[in-house]
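Step one of this worksheet: look at the structure below.
Please read these numbers as outputs of a predicted model, since none were measured by experiment. Whatever order the structure lists them in is the order used to number ligands and atoms, beginning at 1.
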Amino acid sequence: MRVLSGIQPTAKQHIGNFFGAMRQHIHLQAENEAFYFIADYHALTSNPLPDELKSYTLDAVLDYLALGLDPEKTVFWRQSDVPEVTELTWLLSCVTPMGLLQRCTSYKDKVSQGISPNHGLFAYPVLQAADILIFDSELVPVGADQKQHIEVARDIAQRFNTQYGETLVLPKDYILESVAVVPGVDGRKMSKSYGNTIGIFESEKAVKKKVMSIVTDSTPVEEAKDPEKCNVFALLKLVASEDELGEWEAKYRNGGMGYGAAKKRLLELLLEYFAPYREKREELAKMEGYVEEVLKSGAERARAVACVTLDRVRKAMGIGDGV
Ligand code: ADP
Ligand code: TRP
């Protein structure tokens, strides 16, 4: 199956991104033809500083490689290294009704948060559709928040095929069964835009500070506590073994346990869980030119596929001299 997904390099990737998406992307590469990319064109819609965009992009590449993405098997590239996708975006824009984009909740949410939208933000789902359709993707593994964008891509492909004849493959979404929503240190959904994240590869000192700052209620040590209402327990679920989790659950319910003890154990487990990946990332970061090499070869492989689809679309629409 041709599987495709992208992530935005708008900040450092956090453990919510890992447990919610990156880990599943990496598993899926074993039995599928996987295409993964770092969506730097999409990140531009929030106007990041150029140096930050560049460094977050390279960080995300290193993160994926350290976490087990195999660049020999999986096609892995930086979105802007395949500029054909922007041409397809324009071609698709011309079959995309305004109403379809006006209904997109992620756009409406951002506007209601007071963000003054640029045209790129409005057209974001068309670029995402181009990402998906240019690689003839069959399955797009994403978090539930992206479901509507995959439906938009399907809708655009369908309209295109109706107007110009069978040209584009209709993709299906594949909503990742994430370990529910990973809470941030303040108890809201962990998100780059809330400043409540625990980075996958932050320094041990920074992880410690964040874990110790996780918001808990003020139930006294001796009283019984409800684990299902506790942010620390929600994070323990991600990294503790089943047996150990059972023990913590009992400690919560029996009383006599302070949240500090749970936080301390969570810290140990988090550091333990990510230690091998941290080591691998440090090794990869030292290999001069490695990331650039991976990106160059990924872009070549991705472009070879993208050019064929773009050509098909241009011909279908009567654009260019290959008609
Ligand atoms: P952020 O909200 O931090 O900006 P993105 O929107 O870039 O994250 O999400 C990238 C991927 O990670 C998406 O597939 C999303 O569903 C997943 N993801 C992000 N935050 C969480 C979370 N707190 N819990 C579970 N999955 C998450
Ligand atoms: N919009 C996606 C997100 O914020 C990232 C993305 C861009 C994407 N292009 C894509 C995901 C294509 C899947 C397929 O998470």
Kindly confirm or rule out an N or O of Ser191 lying under 3.5 angstrom from an N or O of ligand 1. yes
N/O separation below 3.5 Å, Gln8 to ligand 1: no
Which of parallel (below 30°), tilted (30 to 60°) and perpendicular (above 60°) describes Trp248 and Tyr252? perpendicular
Is Lys189 close enough to touch ligand 1? Criterion: a residue heavy atom under 4.0 Å from a ligand atom. yes
State, yes or no, whether a side-chain contact exists between Tyr174 and Val3 at a heavy-atom distance under 4.5 Å. no
Less than 4.5 Å apart, any side-chain heavy atom of Ser5 and any of Val142? yes
Contact atoms of ligand 1, heavy-atom distance to Ala21 under 4.0 Å: 11 (C), 12 (O), 14 (O)
May I ask you to test the Val221-Met257 pair for a side-chain heavy-atom distance under 4.5 Å? no
Below the 3.5 angstrom mark, is there an N/O of Ile7, backbone or side chain, next to an N/O of ligand 1? no
Against ligand 1, does His14 come closer than 4.0 Å with any heavy atom? yes
Parallel, tilted or perpendicular: ring planes of Phe35 versus Trp77, cut at 30 and 60 degrees: perpendicular
Sub-3.5 Å pairs, protein N or O with ligand 2 N or O:
residue: ligand 2; atom: 1 (N); partner: Tyr124; partner atom: OH; Å: 2.7
residue: ligand 2; atom: 1 (N); partner: Gln128; partner atom: OE1; Å: 2.9
residue: ligand 2; atom: 1 (N); partner: Gln146; partner atom: OE1; Å: 3.0
residue: ligand 2; atom: 4 (O); partner: Gln8; partner atom: NE2; Å: 3.3
residue: ligand 2; atom: 4 (O); partner: Tyr124; partner atom: OH; Å: 3.3
residue: ligand 2; atom: 4 (O); partner: Gln146; partner atom: NE2; Å: 3.4
residue: ligand 2; atom: 9 (N); partner: Asp131; partner atom: OD2; Å: 2.8

Is the CD atom of Glu72 crowded by more than 12 outside heavy atoms at less than 6.0 Å? no
Out of Gly143, Gly20, Ala144, indicate the one that has the non-hydrogen atom closest to atom 14 (O) of ligand 1. Gly143
Closest candidate by heavy atom, reference atom 8 (O) of ligand 1, pool Val142, Leu176, Thr10, Asn17: Asn17
Measure the acute angle between the ring planes of Tyr273 and Phe19, then classify it against the limits of 30° and 60° as parallel, tilted or perpendicular. tilted
Look at atom 22 (C) of ligand 1 and find which of Val182, Ile175, Leu238 reaches it with the closest heavy atom. Val182
Between His27 and Gln24, does any side-chain donor sit less than 3.5 Å from a side-chain acceptor? no
Tyr124-Tyr107 aromatic ring centre distance below 6.0 Å: no
Hey, does the Lys NZ or Arg CZ of Lys189 hover above the aromatic six-ring of Tyr194, less than 6.0 Å from the centre and inside 45° of the axis? no
For Met190 and ligand 1, does the shortest N/O to N/O distance drop below 3.5 Å? yes
Looking at every non-hydrogen atom in both residues, tell me the closest pair between Pro9 and Ala39 and how far apart they are. CD-O, 3.2 Å
